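This structure is a prediction, so every number in the text was calculated from the model and none was measured.
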Amino acid sequence: MRLLRTTLCGLALWAACAAQAWSGHTLCSWQALAPLIELQGVQAQAQTLEQFITAEAPRLEALLREHEAWARQNLADYPARPDDLAFKAAAAGPAVPRFLQALRLNGESRLKLFVQLRPGQARADQARMPWVDISALRSGGAPRENTFVQLAPGDTVAAFDVLATASSEPDYGLDIGLFVDNGTAQGARYGFGKQPYGSPAVDYSSQAPFHMGFFHEAGIVNLVAPFIRRGHPESRIALFSALAREAFAGGHAYWGWRFTGWALHYVQDLTQPYHARALPGVSAARMLWVYGLSMVGMPGARDDAVTLVTNRHIVLEGYQFARMSRAYERDDMNDDLLAALRDASLDHGHWLYAHSDARSRVSAEAADSADALDEQLARSFPPRLVADAKQPLGNDASSIDMQAAARDMPAAQQAAFERELVGLMQRLGQHSRALVRAVLAPR
């Protein structure tokens with residue numbers, strides 16, 4: 001038992017270093033949300049977070065008190081927020097830092113007013129916001145293909161753009177440095193304990209337990225490695241959905257849409273098979289075997305398993321991002337991936353998101369598809385990318401044209417991979433719309 005526990009901890013830590021899910025949530029959200037008539041023609045006035053908190057302070061105090069009580073009763077493996085972090089409307093000091101600590105978010109989050117432009121939409125006369133004004137991440141470069149423009153308080157902006165832009169925002173540092181072993185002052189106060197998986201020393205990896213949900217591992221995994229369950233996407237979805245409803249009820253539409261986008265991010269993350277299974281394609285028995293070898297001085301099999309899964313994860317996201325970015329640049333809205341995101345034909349089966357759906361539906365579907373997707377990636381891309389365990393892709397992956405690599409493979413394998421990816425995009429679109437409808441539904 002102790003050996004398997006160590007196996008899972010070591011493997012999950014390495015695998016979670018690739019803590020991104022879908023690359024460019026906003027690219028997905030623009031299409032996934034397009035069928036929602038609730039968003040058509042709706043606009044909002046940009047408002048700073050400080051303006052929102054100041055106007056709503058007493059209501060926010062009550063909401064967060066009630067939500068914390070609900071979370072403690074209804075969320076499995078939820079670490080209770082320390083009482084001294086509760087938001088108090090009448091407390092002294094700047095409102096935004098007190099609000100962020102009550103939400104247990106990274107106090108260095110930028111939270112400026114901005115929207116993302118579609119690829120190919122930027123004009124020469126538009127001032128672009130630098131990446132450091134968007135993201136609090138210390139490691140990792142700016143996404144070169146993304147263009148952000150600043151808003152001023154009072155600017156009128158389409159709700160659709162606020163929502164789609166915000167669906168990427170949790171990847172810009174909201175959840176980094178929150179555990180006690182991350183070496184931050186907030187991690188020591190927030191009550192999340194030690195980071196259960198991912199590397200505590202790498203800032204973007206410290207967000208992994210908030211963006212992954214391993215709810216469907218084998219029984220023996222949950223039995224001997226209960227830390228694997230300590231992911232918190234459900235709590236983020238519930239918290240930001242509650243804040244969105246409160247913002248709408250108080251007449252603060254801009255923050256209603258922005259909080260909805262934040263909640264949407266975690267739902268979309270759970271549609272990613274590599275965020276719903278710790279190591280797709282690697283059984284619990286194999287985990288035991290490869291780590292057993294490492295314990296007697298032969299770590300090669302363990303390292304190979306982790307490298308292969310991580311490389312396939314990187315290839316999947318690299319292909320998805322490049323494919324969608326180029327479709328936007330060409331204004332090709334008939335691209336199969338974009339069309340799949342807009343496909344609302346299955347929405348009747350999941351019209352409104354319910355709290356239990358994160359575990360019972362969204363991540364369950366992703367976990368069920370994980371092994372088949374992992375196997376198909378191995379067939380649909382050149383072996384140097386997905387079958388060479390001695391060549392970690394890492395940061396070099398951004399220089400690889402994943403679309404061109406896929407075209408080098410047999411047509412039948414390209415088509416099979418396309419079917420897998422189209423199915424994932426259909427489910428991402430369906431669950432995205434269900435979340436937005438649920439936030440907007442009368443309570």
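Looking only at side-chain heavy atoms (C-beta outward), Val362 and Gln430 stay at 4.5 Å or farther from each other. Proximity of Phe215 to Glu234: side-chain heavy atoms (C-beta onward) are separated by under 4.5 Å at one or more points. The side-chain heavy atoms of Asp133 and Pro130, taken from C-beta on, include a pair separated by under 4.5 Å. Thr271 has its side chain out of reach of Met425: every pair of non-hydrogen atoms, C-beta onward, lies at least 4.5 Å apart. Leu33 has its side chain within reach of Leu264: a pair of non-hydrogen atoms, C-beta onward, lies under 4.5 Å apart. In this structure the side chain of Gln272 never reaches within 4.5 angstrom of the side chain of Asp269, judged on heavy atoms. The side-chain heavy atoms of Asn146 and Thr26, taken from C-beta on, include no pair separated by under 4.5 Å. Between Met212 and Pro233, every side-chain heavy-atom pair lies at or beyond the 4.5 Å cut-off.
The stretch residues 417-429 participates, sequence neighbours left out, in these side-chain hydrogen bond (donor to acceptor under 3.5 Å, both in side chains) pairs: Arg323-Glu418, Asp343-Gln426. Every pair tested for side-chain hydrogen bond (donor to acceptor under 3.5 Å, both in side chains) that includes a residue from residues 33-45 fails, sequence neighbours excluded, so the list is empty.
The backbone N or O of Thr48 lies less than 3.5 Å from a partner atom in the side chain of Gln51, making a donor-acceptor pair. Checking side-chain atoms of Asn106 against main-chain N and O of Asp175 turns up no donor-acceptor pair under 3.5 Å. Checking side-chain atoms of Arg98 against main-chain N and O of Lys88 turns up a donor-acceptor pair under 3.5 Å. In this structure, the side chain of Ser363 engages the main chain of Ala358 through a donor-acceptor pair within 3.5 Å. Not one N or O on the side chain of Asp203 forms a donor-acceptor pair closer than 3.5 Å with the backbone of Ile176. Checked by atom type and distance alone, the side chain of Arg104 never pairs as donor or acceptor with a backbone atom of Leu85 at under 3.5 Å. In this structure, Ser135 contributes its side chain and Trp131 its backbone to no donor-acceptor pair below 3.5 Å. Using modelled atom types, one side-chain atom of Glu68 and one backbone atom of Arg81 make a donor-acceptor pair closer than 3.5 Å.
Applying the side chain to side chain contact (heavy atoms under 4.5 Å, CB included) criterion to Arg110, with sequence neighbours excluded, gives Glu108, Ala136. For Tyr353, there are no ring pair (Phe, Tyr, Trp, His ring centres under 6.0 Å) partners two or more places apart in sequence or in a different chain. In this view, Trp255 satisfies the side chain to side chain donor-acceptor pair (under 3.5 Å) rule with no residue, not counting sequence neighbours. With sequence neighbours excluded, the residues forming a side chain to side chain contact (heavy atoms under 4.5 Å, CB included) with Val386 are Arg312, Val315, Phe381, listed by chain and number. In terms of the side chain to side chain contact (heavy atoms under 4.5 Å, CB included) criterion, residue partners of Asp84 (sequence neighbours excluded) are, by chain and number, Pro82, Arg189. Residues satisfying the side chain to side chain donor-acceptor pair (under 3.5 Å) criterion with Tyr274, sequence neighbours excluded, are Asp374. Partners of Ala367 by side chain to side chain contact (heavy atoms under 4.5 Å, CB included), not counting sequence neighbours, listed by chain and number: His216, Ala276, Arg277. Scored by the ring pair (Phe, Tyr, Trp, His ring centres under 6.0 Å) test, His431 finds His350 as partners (sequence neighbours excluded).
Judged purely by distance below 3.5 Å, without hydrogens or angles, the side chains of His265 and Glu169 never pair a donor atom with an acceptor atom. Looking only at atom types and distance, the side chain of Gln195 has no donor-acceptor partner in the side chain of Ser206 under 3.5 Å away.
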Next on the checklist: Using the rule given for salt bridge (Lys or Arg N to Asp or Glu O under 4.0 Å), can you reason through Arg72 versus Asp83, listing the C-alpha separation, both sets of side-chain angles and the distance that settles it, and then say yes or no?
Outcome noted: CA-CA 12 Å; Arg72 293 181 185 188; Asp83 292 337; 3.1 Å; yes
Checklist entry - Can you check ring pair (Phe, Tyr, Trp, His ring centres under 6.0 Å) on Tyr254 and Phe259, steps first, answer last? => result CA-CA 9 Å; Tyr254 173 84; Phe259 287 137; 9.3 Å; no
Item to check | Asp335/Arg326 under salt bridge (Lys or Arg N to Asp or Glu O under 4.0 Å): CA gap, chis, key distance, verdict | outcome: CA-CA 10 Å; Asp335 178 271; Arg326 291 171 185 173; over 6 Å; no
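For Phe179 and Tyr190, the gap between ring centers reaches or exceeds 6.0 Å. You'll find the ring centres of His211 and His232 outside the 6.0 Å limit. Aromatic pair Tyr172/Tyr204: ring centres not closer than 6.0 Å. Remark: aromatic rings of His355 and Trp70 are close, center separation under 6.0 Å.
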Please tabulate, for side-chain N and O atoms in residues 240-251, each donor-acceptor pair with protein atoms closer than 3.5 Å (sequence neighbours left out).
{"residue": "Ser241", "atom": "OG", "partner": "Ile237", "partner atom": "O", "Å": "2.7"}
{"residue": "Glu246", "atom": "OE2", "partner": "Arg59", "partner atom": "NE", "Å": "2.5"}
{"residue": "Glu246", "atom": "OE2", "partner": "Arg59", "partner atom": "NH2", "Å": "2.9"}

What side-chain donor-acceptor pairs closer than 3.5 Å can you find for residues 153-166, not counting sequence neighbours?
{"residue": "Asp155", "atom": "OD2", "partner": "Ala152", "partner atom": "N", "Å": "2.8"}
{"residue": "Thr165", "atom": "OG1", "partner": "Gln116", "partner atom": "N", "Å": "3.0"}
{"residue": "Thr165", "atom": "OG1", "partner": "Asp161", "partner atom": "O", "Å": "2.8"}

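Nearest heavy atom pair, residue Gln186 against residue Leu105, reads OE1-O, 3.9 Å. The two residues Ser432 and Gln268 come nearest to each other via the heavy atoms OG-NE2, 3.0 Å. Minimum heavy-atom separation, Leu113 to Arg258: CD2-NH1, 3.8 Å. Contact between Leu424 and Ser369 at its shortest, heavy atoms only, is CD2-OG, 3.9 Å.
Within the cation-pi definition used here (under 6.0 Å to the ring centroid, within 45° of the axis), Arg118 does not qualify as a partner of Tyr328. The side-chain tip of Arg437 points at the ring of Trp351 from less than 6.0 angstrom away and within 45° of straight on.
Using a 4.0 Å cut-off between a side-chain N of Lys or Arg and a carboxylate O of Asp or Glu, Asp77 and Arg229 qualify as a salt bridge.
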